[in-house]
Structure formats: C-alpha cells, structure tokens
Amino acid sequence: MGLLEKINKYIAINFSTEKNATKRIISFWEKGGPDFDYYASADQEDWIKVFWAEDSVFFKLFQTLDLKNTLEIASGTGRHSAQVMDKIEELYLLDSSKAALQLAEQRFGNYKNVVYIHNESGLGIPTDCIKDNALTTVFSYDAMVHFEKEAVESYIADSFRVLKSGAFALFHHSNYDKNPNGKFTDNPGWRNYMTKELFCSISEKHGFQVIHSEVFSFSTTDSDCVTLLRKP
C-alpha cells in the first residue's frame, strides 16, 4: 500500500468527523499514523546533512545560538539536538507524539540532562514544564513547516515566555502562500499555509525582534523560510 493510500485509509477511519486541523496534523506522526515511519528515514545521514551541512541556511544561523539551556520544539526522536549535545547543559525535547519521545529517550538514555515533554494538544509549551525566562535557546527544524497558524503562534508566544532576555529562537517554517484554507497534504512537501511576512508579524506581535529571515527553496520554489528571533 502506497503512502497516499495509507493516508486516505487512516483519515477515513480515524477522522471522518474530525474538524480540528491541528489534531489531524499531529496524528500523522503518532504511532500508527501514516507518516510515523518518517522518523526512521529522517535519521539517515543523507537527510540530516540537508540541515547540518556547513553551507546550509539553517547551520549558519545556528552558530549564533547559546545552547546552554535549550528547547527543541517538535523534536521527534531528537535527531537535531543529537548533533549538538556536546554544547548543551540542559535539553528539553517537546513533541506531540509520545512514541517519538520514547524513541528519543532510547537515543539519549545515557544523558541525565534531558527532559521529555509530551503535549498531545500540539499547541504551545506547558507552563508547568519550563519556568519563565529560563532558556538560552529555542529552535525547531523540519516540523513547523506543517503546522497550522494557531499552532505556530502558540509556539512563538510561549517561546518568548521561556527565553531569557537577549536569547534567540530559530525556526524553520513554511513560506507556502497558496491554499490558505486547504489541507496541508494537498500542498508540495506538505507545507502548510504561512509566509515570511506573516511569521515575522506574529513574532513581533509577541515581543520578538526579527534578526534575520531567509526564504529558500525546498519542496518547491521559495517554499521554506528560516527565521532568527531575539527576545529583547
């Protein structure tokens, strides 16, 4: 059975009456979801290099971050944080997929400085997990491109809350400006509706300074964006 057939079957069985777009999206990466196998393929060296090659937009901006106290949003199995664990004193991994976090626990089993946060709503950072003004960095890669606007805004707002003054947040998000009311699975690379301008506007509304925002091509021309924010 192909991926599209698996998706259609899963949606027909589980979401015939589901109207919450965010819940529908996060279900794709829960155990048994149509794209849960993505975690295994994304851990391959060739795929990781897409983000961590020295000439990538992501890698260049990542060098500005102070990783002492770090939160990775939508961390999945933690494959990105694993690239920089030697620089992190305290790591928080946040994801809506409990099964993905269990895989992360297997990956980081020998580390005592990792906190796993399961938030099944897919919205924001639970207030009882991270104190205000506690972190030096928040980042998210290869996940927020799929999120609904409400989810994106919830993470931006809560990132501002948990970051220390002067700290940075780095987000990889969608710049796909078509099909604003449609399903993300109808778009190239499953990029949800979002633009560089809208993302920056939301970030400034919640108090951030936009330091750098750069559009690049991934699923289609100018489909993605990486934005570096600073909390004053």
Side-chain angles (χ1 to χ4, degrees), residues 3 7 21-26 28-29 35 38 41-42 46-65 71-76 79-81 83 94-96 122-125 137-160 163 168-231:
L3 178 59
I7 291 171
T22 293
K23 288 183 178 180
R24 185 166 60 246
I25 289 168
I26 65 178
F28 278 65
W29 292 277
D35 204 32
Y38 164 82
S41 59
D46 288 347
W47 187 243
I48 291 174
K49 283 182 178 179
V50 171
F51 296 96
W52 291 95
E54 292 186 3
D55 60 348
S56 72
V57 176
F58 170 82
F59 183 84
K60 292 175 183 176
L61 292 176
F62 203 88
Q63 306 313 302
T64 66
L65 305 180
L71 164 66
E72 182 181 357
I73 291 174
S75 61
R79 70 186 186 280
H80 291 304
S81 288
Q83 308 305 310
L94 169 66
D95 205 277
S96 60
L123 296 171
I125 304 166
T137 287
V138 174
F139 79 94
S140 182
Y141 282 154
D142 197 26
M144 194 173 282
V145 289
H146 307 303
F147 294 176
E148 289 288 304
K149 176 179 174 292
E150 66 165 348
V152 172
E153 183 159 8
S154 72
Y155 288 119
I156 291 173
D158 283 355
S159 293
F160 188 88
L163 281 170
F168 292 93
L170 182 60
F171 294 116
H172 169 211
H173 58 91
S174 176
N175 187 56
Y176 190 72
D177 63 355
K178 300 175 179 62
N179 196 24
N181 298 310
K183 297 177 181 178
F184 81 115
T185 48
D186 292 336
N187 303 333
W190 291 359
R191 266 48 184 167
N192 216 325
Y193 174 78
M194 176 57 63
T195 67
K196 169 185 173 179
E197 292 76 17
L198 179 56
F199 189 93
C200 290
S201 176
I202 294 171
S203 300
E204 290 174 339
K205 182 181 78 171
H206 288 284
F208 277 112
Q209 297 172 336
V210 178
I211 303 302
H212 185 82
S213 191
E214 184 169 345
V215 172
F216 63 99
S217 299
F218 196 95
S219 302
T220 189
T221 302
D222 294 342
S223 61
D224 290 29
C225 188
V226 173
T227 300
L228 180 66
L229 306 173
R230 179 182 181 273
K231 179 176 178 178

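We're numbering straight along the sequence, starting at 1. Values below: all heavy atoms of this structure, side chains included; hydrogens, waters and symmetry mates excluded.
Under the 3.5 Å distance criterion, the side-chain polar atoms of Asn187 are left unmatched by any main-chain donor or acceptor of Asn192. When atom types are taken as modelled, the side chain of His146 and the backbone of Trp190 share a donor-acceptor pair closer than 3.5 angstrom. When atom types are taken as modelled, the side chain of Ser56 and the backbone of Phe51 share a donor-acceptor pair closer than 3.5 angstrom. Without hydrogens or angle criteria, Ser154 side chain to Gly124 main chain gives a donor-acceptor distance under 3.5 Å.
Ring pair Trp52/His80 is tilted by interplanar angle, where 30° to 60° counts as tilted. By the 30° and 60° cut-offs, the orientation of the rings of Phe147 relative to Tyr155 is tilted.
Between Leu163 and Leu71, every side-chain heavy-atom pair lies at or beyond the 4.5 Å cut-off. With a 4.5 Å cut-off on side-chain heavy atoms, Thr64 and His212 do not count as touching. You'll find the side chain of Ile156 reaches within 4.5 Å of the side chain of Phe199, heavy atoms only. A 4.5 Å side-chain heavy-atom check between Tyr176 and Pro188 finds at least one atom pair inside the cut-off.
Under the side chain to side chain contact (heavy atoms under 4.5 Å, CB included) criterion, Thr221 pairs with Ser217, sequence neighbours left out.
Pairs engaging residues 194-208 under the side chain to side chain donor-acceptor pair (under 3.5 Å) rule: Glu153-Lys205, Glu153-His206 [sequence neighbours left out].
Taking the six-membered ring for Trp, Phe216 and His172 have ring centres closer than 6.0 Å. For an aromatic pair to be called close, the ring centres must be under 6.0 Å apart, and Phe171 with Phe208 fails this.
Within a 6.0 Å sphere centred on CD of Gln63, heavy atoms belonging to other residues, nucleotides or ligands number more than 12.
Considering CD1 of Ile73 and OG of Ser96, their distance stands at 12.0 Å, rounded to 0.5 Å.
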